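Just so we're clear, the structure is a prediction, and the values are computed from it rather than from any experiment.
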Amino acid sequence: MVSPRVASRGSASLVLPSATQSAILATVIVAALYFGRSVFVPLALAVLLSFVLSPLVVWLRKLHLPRALAVGVVVAGSVVTFVALGMAMARQVTDLGTDLPRYESTLRQKLKSLRTGVAQTGIVDKATSTLKELGKELEQPPRPASGAKPTSTPAPDSTRPIPVEIHTPPDRPLDIYQKIVSALLAPLTTTAIVIILIIFILLQRDDLRDRVIRLVGARDIELTTTALNDAAFRLSRLFLATAAINVGFGAVIAAGLWMIGVPSPLLWGIVAALMRFVPYVGAVLAAVFPLLLAAAVDPGWTMVAWTFALYVIVEPAVGHFLEPWVHGQTTGLSPLAIVVSAILWTALWGPIGLLLATPLTMCLVVLGRHVEGLAFLDVILGDRPALTPPEVFYQRLLAESSAEAAEQAQQVLKEASLIEYYDKVALPGLKLASLDAHRGAIDEERMSELRAGVVLLVDDLSDAALQPPKPKPAADATVAEIAPPASTTVVQEDELLPAWRTKEPPVLCLAARTPLDAAAAEILADLLRRQGIGARAAAVPQLSDLANLGVDVVQIVWISSVDAAQSHAHIRYLIRRLRRTAPNVMFCGGFWDGAASDTLVEGI
């Protein structure tokens with residue numbers, strides 16, 4: 001709904017809804033990134049490279065080098081390294097272009113053998129003849145209907161166009177140099193701008209940080225400084241580790257291709273290192289040209305097979321073992337966010353955007369984790385669960401999916417006990433349902449469905465152990481380290497007092513008021529039964545039907561309430577009525593919201 005707002009000068013203006021404002025802001029940002037890519041691309045490259053080079057500057061500063069000298073050494077070394085790699089790639093490309101005519105005959109022979117093998121099966125000939133017949137049928141004019149007069153065909157035009165050929169003069173050496181310079185001018189200009197920006201960012205690092213603190217969080221300097229330091233440390237470590245892994249990947253590929261005999265192995269190693277910054281498909285694209293070159297060099301298929309095996313072995317080893325070990329199991333991005341960001345940044349900035357997609361998205365996630373106003377970026381792009389375990393438990397029950405709730409429980413039980421799952425996931429989930437019920441979001445029928453879901457969940461977890469599996473001790477572990485943790489005591493039937501050895505379960509877990517209280521009573525009864533104590537759960541009783549609960553044959557009545565703060569009077573009245581029926585029964589209270597008052601506890 002649009003609401004008016006009066007400006008300071010008396011003119012009326014309109015306040016747009018937040019959703020509309022967000023859409024307009026997003027559109028403006030995307031348009032600015034697209035049309036201003038000539039400015040933002042060098043800036044993004046400079047910022048990301050400064051994160052990689054900043055640890056080197058800090059290390060040189062610890063050796064008591066002045067900041068300007070440290071920055072100069074690091075930037076100069078980086079420029080020399082990239083120039084050397086560029087010259088090596090240019091030499092490899094030149095050698096490859098010189099040798100390509102020698103590989104043409106081998107490639108022609110392989111194509112000829114493939115064509116001969118396919119032709120022997122007759123599939124191509126049959127398909128070709130079928131397509132020709134269909135083409136003839138389509139080219140035939142439609143036949144006239146019966147009784148219709150045949151139409152006369154128009155006479156062909158006697159005038160025919162005269163073919164004209166335009167020959168351009170050969171390029172002069174000066175024209176060739178102009179084309180080369182114009183092609184290299186834009187990349188060289190961008191490179192120069194990036195180098196200048198990197199130098200200024202590294203030199204003015206402290207001043208830039210102070211300005212960011214002034215803009216973002218001057219009211220809480222300690223918190224903002226901690227967030228910036230943490231973000232800079234995480235991004236620097238992440239980018240540096242990623243660059244080191246990709247360089248190592250390229251070195252292994254180059255060495256492997258050299259051993260296999262593929263020409264220009266250094267070129268393909270550098271391409272593999274660069275393309276691996278592209279998520280998921282980068283390594284696959286980098287393997288295409290070496291495979292084609294191996295097929296052109298080797299008359300047989302041995303070199304192609306070895307090249308294919310090299311990429312198939314090295315890429316999964318790096319992606320599934322080395323990267324998780326270095327990054328700590330995750331980069332912080334969800335797989336869908338990586339794919340979507342790659343598509344978005346490629347559409348905005350082209351190939352450079354594809355290379356920068358993952359680092360830029362990581363920066364957005366780090367900002368979302370430290371800046372409160374940008375927390376939605378962490379929710380959308382990050383790999384952390386969007387809902388807490390109690391919220392997931394509650395949502396699964398609302399969706400009437402007890403199977404998914406049981407699946408979540410199995411995941412939790414791999415590292416926690418069943419008691420911890422009930423205490424930290426299930427009961428807090430029921431508390432969330434109680435809050436919704438208190439504000440009228442769910443009705444009595446919906447709460448009954450939630451209770452039925454809990455009953456199914458308890459039944460699905462009947463085979464779960466009270467304690468999680470014990471981890472295997474290390475070979476050098478001490479006696480104290482391998483001592484088993486304190487386990488939950490399980491009472492045997494012969495250890496119970498005679499009064500408790502009855503056919504009827506001696507403990508009645510009674511819901512205080514709502515079906516949610518009954519769901520908590522089901523959980524309590526399940527835990528008691530697992531510990532050797534007979535227990536049963538009862539739903540919400542009508543006060544007129546208390547005599548049918550069988551209270552007189554039990555030893556303990558355990559009142560279960562998820563929202564005791566709202567049920568004090570009802571619980572006290574329920575206990576008084578039950579005492580009249582069974583005066584010798586002991587009463588206990590399970591108030592899972594922790595809101596029971598002293599008077600209520602004394603009444604029990």
Side-chain angles (χ1 to χ4, degrees), residues 387-434 436-437 442 444-469 487-491 493 503-541 549-550 554 556-564 588-593:
L387 300 177
T388 62
E391 291 172 342
V392 173
F393 171 84
Y394 179 37
Q395 190 276 331
R396 299 299 187 266
L397 293 183
L398 282 176
E400 299 182 4
S401 180
S402 59
E404 293 184 5
E407 182 179 353
Q408 181 213 16
Q410 296 295 342
Q411 294 295 327
V412 175
L413 293 176
K414 292 179 179 179
E415 300 178 357
S417 66
L418 183 64
I419 296 178
E420 290 175 330
Y421 168 73
Y422 281 149
D423 186 52
K424 297 180 180 180
V425 178
L427 288 176
L430 293 178
K431 293 177 186 177
L432 293 176
S434 178
D436 284 348
I442 57 177
E444 191 82 11
E445 181 181 0
R446 197 64 167 156
M447 287 189 286
S448 299
E449 294 174 356
L450 293 177
R451 184 219 171 188
V454 171
V455 173
L456 292 177
L457 176 63
V458 170
D459 183 66
D460 291 337
L461 298 179
S462 58
D463 297 333
L466 281 177
Q467 298 293 334
S487 59
T488 305
T489 303
V490 178
V491 181
E493 186 177 356
K503 295 182 180 180
E504 188 72 20
V507 178
L508 173 63
C509 300
L510 185 62
R513 190 171 188 177
T514 68
L516 298 178
D517 300 334
E522 295 285 352
I523 293 175
L524 177 60
D526 178 60
L527 289 177
L528 291 175
R529 289 193 295 267
R530 288 173 178 272
Q531 297 179 74
I533 301 175
R536 61 184 176 90
V540 184
L549 288 175
V554 300
I556 294 178
V557 174
W558 206 310
I559 307 296
S560 176
S561 176
V562 179
D563 191 7
C588 294
F591 306 128
W592 312 116
D593 59 348

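Nearest heavy-atom pair across P506 and G534 is CD-O, 3.1 Å. Of all the heavy atoms in P390 and K424, the pair that sits closest is CG-O, 3.5 Å. When all heavy atoms of A433 and I442 are compared, the pair lying nearest together is O-CD1, 3.4 Å. The two atoms that bring G429 and F393 nearest to each other are CA-CD2, 3.8 Å, heavy atoms only.
Taking the side chain to side chain donor-acceptor pair (under 3.5 Å) definition, one finds that E391 meets it with T388, sequence neighbours left out. With sequence neighbours excluded, the residues that form a side-chain contact (heavy atoms from CB on, under 4.5 Å) with A520 are L427, L430, S560, V562, W592.
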Check against side-chain contact (heavy atoms from CB on, under 4.5 Å), L461 and Q410: CA-CA 8 Å; L461 298 179; Q410 296 295 342; 3.6 Å; yes
Derivation and outcome, side-chain contact (heavy atoms from CB on, under 4.5 Å), residues L418 and R530: CA-CA 10 Å; L418 183 64; R530 288 173 178 272; 3.2 Å; yes
Test log, rule side-chain contact (heavy atoms from CB on, under 4.5 Å), inputs L398 and R446: CA-CA 8 Å; L398 282 176; R446 197 64 167 156; 3.9 Å; yes
Audit row: V425, Q408, side-chain contact (heavy atoms from CB on, under 4.5 Å) steps and yes/no: CA-CA 10 Å; V425 178; Q408 181 213 16; 4.0 Å; yes
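Between atom CD of residue E404 and atom CG of residue L397 there is a gap of 10.5 Å, rounded to the nearest 0.5 Å. Here CG of L510 is found 13.5 Å from CD1 of I556. Values are rounded to the nearest 0.5 Å. Between the CG atom in L524 and the CG atom in D517 there is a gap of 12.0 Å [rounded to 0.5 Å]. Distance check, rounded to the nearest 0.5 Å: CG of L508 to SG of C588 gives 11.5 Å. For the atom pair CZ of R513 and OG of S434, the computed distance is 11.0 Å after rounding to the nearest 0.5 Å.
Looking at heavy atoms from C-beta onward, R451 lies out of side-chain contact with L516 at the 4.5 angstrom threshold. Looking at heavy atoms from C-beta onward, P515 lies in side-chain contact with E444 at the 4.5 angstrom threshold. Looking only at side-chain heavy atoms (C-beta outward), V454 and L450 stay at 4.5 Å or farther from each other.
Under a cut-off of 6.0 angstrom, the local environment of CD in E449 is crowded, with over 12 non-hydrogen atoms contributed by other residues, nucleotides or ligands.
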